[in-house]
Structure formats: C-alpha cells, structure tokens
There are 2 protein chains.
Amino acid sequence: MVKPDKRDEIVRAALELIAENGFHGAPMAMIADKAGVGAGTIYRYFENKDVLINELYRELEQRLYAVLMGGYSPEKPVRERFIHLGTAILRYCITNPLDFRYLEQFHNSPYGVVHRRDKISGEADEKDIYRKLFEEGLAKKVIKDLPLVVLFALAFGPLITVARDHILGFVVLDEALIGQTIAASWDGLKR
Amino acid sequence: MVKPDKRDEIVRAALELIAENGFHGAPMAMIADKAGVGAGTIYRYFENKDVLINELYRELEQRLYAVLMGGYSPEKPVRERFIHLGTAILRYCITNPLDFRYLEQFHNSPYGVVHRRDKISGEADEKDIYRKLFEEGLAKKVIKDLPLVVLFALAFGPLITVARDHILGFVVLDEALIGQTIAASWDGLKR
DNA sequence: TATTACAGAATGAACGTTCATTCTGCGTAA
DNA sequence: TTACGCAGAATGAACGTTCATTCTGTAATA
C-alpha cells in the first residue's frame with residue numbers, strides 16, 4: 001500500500017538539507033518541498049521530526065558498518081586491521097560528504113550524546129569492531145595502555161578532523177595523504 | 001551611563017546557556033532572565049544575537065590565548081613547546097567546561113566555518129603560535145612532512161575529542177592521563 | 001526639565017504539527 | 001466493458017507556539 005519511494009524521497013531530502021544546513025536549517029516544510037510531497041505526508045511515514053532524524057541516523061550507521069566490514073579479516077594483525085578500517089572510514093566520509101556531515105551534526109547534538117551514553121554503558125555487541133580491535137590490541141600489548149575512550153580519541157580525532165577539513169575544502173585528501181594520515185594516527189596509538 | 005556590569009552579566013548568561021543548550025536552546029528572553037535584565041536591554045549592548053555570539057567568541061579566544069602564552073618559551077625545543085601548549089589547552093578546557101562547550105558549539109556551526117575560512121586564507125599573525133610552531137618543526141625536520149591542516153588534525157583532533165569526553169563524563173582525565181594523551185598525540189606528529 | 005537607561009509588553013515571522021478535504025486506484029456490480 | 005463505491009494515501013491551509021526584535025512607558029540622572 002505505502003509506496004516506499006516516497007519514504008525514500010523524504011529521507012534523501014532530509015539528509016541533504018540537514019547535512020548542509022543543520023537540523024534548524026531544515027524545516028519540515030522545506031524537506032517536504034525538496035522531496036516533492038506535501039508537508040503532511042511526512043507524518044504518514046514518521047511520527048515526528050525526532051523520529052525522522054533518528055531513523056535516518058540508523059540507516060547511515062548501517063551503511064557505514066557494511067562498508068567497514070567489506071574485506072575485513074579478523075585474523076590479520078592489529079595494525080593491519082586498524083589501517084584497513086581507518087582507510088575505509090576516511091574514504092567513505094570523503095566520497096559521501098552528505099552522510100559524513102549528517103553524522104557529525106547528529107553527534108554534535110543532544111541526540112548524539114544520548115546515543116553515545118547508551119552505547120558506552122552497554123555491552124560490546126557484534127557491531128563494535130573498533131572496541132574489539134582495541135581490546136585485542138591492549139591484550140597483545142601492541143597499543144598503548146590507555147582507557148578505551150582515549151584510544152578512540154587518538155584514533156578517530158584526527159580522522160574526523162581531517163575528513164571535515166577535506167569536505168570544507170581546507171585540504172585535498174588524495175590516496176597518498178589518506179595513507180599518511182592513518183599511518184600517523186597509528187603512531188599515536190601504538191606502544 | 002552604560003554600566004559595564006550589565007554587559008558582563010549578559011555575556012556570562014549567554015555563555016552559560018549556549019554552552020549547555022546550544023544556540024537554539026538559548027533564546028534572548030532566557031538570556032535576559034538569567035542576566036537579570038529586560039529582554040530589550042540586551043539590544044542596547046549588542047546589535048543583535050549574531051553580534052552577541054561573535055563578540056562572546058572573541059572574548060573567549062582572547063582568554064584562551066592568554067592562558068596558552070603563560071610560561072611559553074619560544075626558545076625551547078619544538079617537542080617541549082608542543083607539550084606545554086597541549087597541556088595548557090587541555091587543562092583550560094577541562095577546568096572551564098563552559099568555555100570549551102561554547103567554543104565547540106561555535107566551531108560546529110556556520111559561524112565557525114566562516115571564521116576558519118578567513119583564518120586559513122589569511123597571513124599567520126602574531127597570535128598563530130601553533131602555526132608558527134609547526135612550521136618551525138617542519139623546517140627542523142622533527143615533525144612529519146604533511147600539510148599544516150593535517151598536522152593540526154593530528155594534534156588537536158585527539159585533544160578536543162578527549163576534552164569533550166571528559167566533560168560529558170565518559171572518562172576522568174587526571175594529570176597523568178593528560179600527560180599520556182598529549183605524549184601520544186606527539187607520537188602521531190613526530191617524524 | 002531634558003535625556004538616557006531600562007523593563008517588559010507587543011509584534012510579526014517562522015516553525016512543527018494537525019486535520020478536514022481531495023485524490024487515486026482497486027474491487028464489485030450491472 | 002463501464003460505472004460506481006470506497007479505503008486509505010496525500011495534501012496544504014490553519015493552528016498554536018516560540019523566537020528575535022521593536023515599541024512604549026517609566027524611572028533615574030543630569
């Protein structure tokens with residue numbers, strides 16, 4: 001009954017507008033316009049704006065996870081796996097700038113803080129490959145003996161920053177530079 | 001006639017509300033309330049909300065700069081100066097969480113992007129100690145031969161991330177951990 | 001008295017959401 | 001085959017709220 005392509009159009013429009021203008025620069029009326037539907041139609045698919053925002057986040061998270069797992073081999077050395085994941089994540093961010101910008105908006109907002117708190121306090125599920133990788137690195141004494149949260153900061157801090165700078169046009173990340181950046185962030189991590 | 005302490009109260013209230021709730025969680029009426037002045041009074045001191053936001057940013061930037069320069073000795077080795085600046089910045093962020101949160105809000109908003117673009121395209125002024133430090137490190141071949149923007153990402157990415165996590169309560173940064181974190185981010189930077 | 005500072009009410013624009021109505025396509029009856 | 005009836009999808013004007021900003025009257029100052 002419900003045509004899924006309308007839902008898709010709404011999600012796509014929301015992604016584009018929110019990524020470019022932030023949550024408050026993307027009124028429902030504008031999202032509806034860009035999606036080519038009436039304002040009320042959105043509410044047939046999403047209970048309210050919050051639900052739309054959270055559902056879109058979950059879709060992006062899944063897409064990113066799928067990309068990360070492509071060609072990932074759990075039996076390889078920790079360093080090699082880190083390089084693989086870092087490269088994948090950085091490449092994904094710069095070839096999908098809208099996704100990246102959306103994820104950033106989300107993380108830098110009350111939505112993201114709540115989401116993160118839930119995640120940290122919970123058990124490591126199957127999808128938490130970074131956490132598992134770092135724990136293994138700690139056990140094998142190949143990375144520094146620091147709290148997980150600090151290791152995350154050392155690993156992701158530079159990647160996120162550099163991805164943002166690329167998208168904003170402050171630097172051009174080619175394959176060589178991507179490799180050097182990830183190698184450098186590994187230097188910060190390794191024991 | 002114009003009492004400066006009213007201006008100060010407005011600025012203080014704005015800092016607190018914006019740091020805690022974001023720009024959109026800090027209506028002018030609420031700022032006025034918290035400052036103990038009438039809503040209209042704010043407009044005697046600031047032309048509009050944008051001006052208030054930008055002026056507050058500049059004040060914080062200056063305070064931070066003053067802190068960074070305390071005990072800074074340009075003749076010491078690059079590594080030592082980096083550690084000094086990193087420690088100062090991290091300590092400042094976690095002892096002034098409101099300032100830090102405000103600066104983050106600002107940077108992750110259109111205000112920040114504009115500000116940054118202006119800064120990067122401009123000449124390095126006296127206040128750009130990080131830029132000067134990295135350029136010297138490059139010349140002396142003690143840090144990796146990467147674009148300045150990437151070096152910034154390697155240095156600040158982890159610090160900002162870890163400061164945020166501390167303030168949100170995801171980790172407790174004591175002096176030892178601060179030192180280890182900065183040493184680790186230097187490992188990412190050094191050649 | 002004249003001028004300035006101020007508080008808070010007033011204003012209008014913008015927003016998320018609702019809802020009475022219209023549209024669409026399919027099942028049924030003739 | 002055509003005409004009709006109907007369920008539910010879609011619509012967008014309208015509503016109530018919230019916000020930044022302006023206006024107005026009053027108190028303080030000179």
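Quick note on labels: first sequence line is chain A, next is B, and so on, each numbered from 1.
The side chain of A:Tyr45 has D:dA10 as its nearest neighbour among D:dA10, D:dT21, D:dA13. Looking at the side chain of A:Ala39, the nearest of the listed nucleotides D:dC19, D:dG12, D:dT21 is D:dG12. For A:Arg44, counting side-chain heavy atoms from C-beta on, the closest listed nucleotide (D:dA20, C:dT17, D:dG8) is D:dG8. For A:Lys49, whose side chain is taken as the heavy atoms from C-beta onward, the closest listed nucleotide among C:dA7, C:dT17, D:dT21 is C:dT17.
Using modelled atom types, one finds a donor on one side chain and an acceptor on the other under 3.5 Å when comparing A:Asp99 with A:Tyr92.
One interatomic measurement links the two molecules: CG of A:Asp33 to P of C:dG16, which rounds to 13 Å at whole-angstrom precision. For the pair A:Phe46 CZ and D:dA10 P, the interatomic distance rounds to 12 Å; values are reported in whole Å. Atom CD1 in A:Ile18 sits roughly 13 Å away from atom P in C:dC15 (whole-Å rounding). A:Leu52 places its CG atom 14 Å from the C1' atom of C:dT17, with the value rounded to the nearest Å. Atom CD in A:Glu9 sits roughly 15 Å away from atom C1' in D:dA10 (whole-Å rounding). At whole-Å resolution of the value, CD1 in B:Ile42 and P in C:dC6 are 12 Å apart. For A:Met30 and C:dT17, the CE to P distance is 16 Å, given to the nearest whole Å. In this structure, CD1 of A:Ile31 is placed 12 Å from C1' of C:dC15, rounded to the nearest angstrom.
Nearest-nucleotide mapping onto DNA chain C: of B:Gly40 and A:Met28, the residue sitting toward the 5' end is B:Gly40. Sequence order on DNA chain C of the closest nucleotides to A:Glu47 and A:His24 puts A:His24 first from the 5' end.
For C:dT24, neither phosphate oxygen OP1 nor OP2 lies less than 4.0 angstrom from any side-chain nitrogen or oxygen of A:Lys6. Between B:Tyr43 and C:dC6 there is no side-chain polar atom (N or O) within less than 4.0 angstrom of OP1 or OP2.
B:Glu9 and B:Lys6 are not joined by a salt bridge, as no carboxylate oxygen comes within less than 4.0 angstrom of a charged side-chain nitrogen. Under the 4.0 Å criterion applied to side-chain N and carboxylate O atoms, A:Glu20 and A:Lys34 are not assigned as salt-bridge partners.
Annotation: side chain of B:Arg91 is in contact with side chain of B:Glu175 (closest heavy-atom distance under 4.5 Å).
Between B:Phe106 and B:Tyr111, the angle of the ring planes stays under 30°, which puts this pair in the parallel group of the 30/60° scheme.
As judged by a 4.0 angstrom heavy-atom cut-off over every strand, A:Gly25 is placed among residues making no nucleic acid contact.
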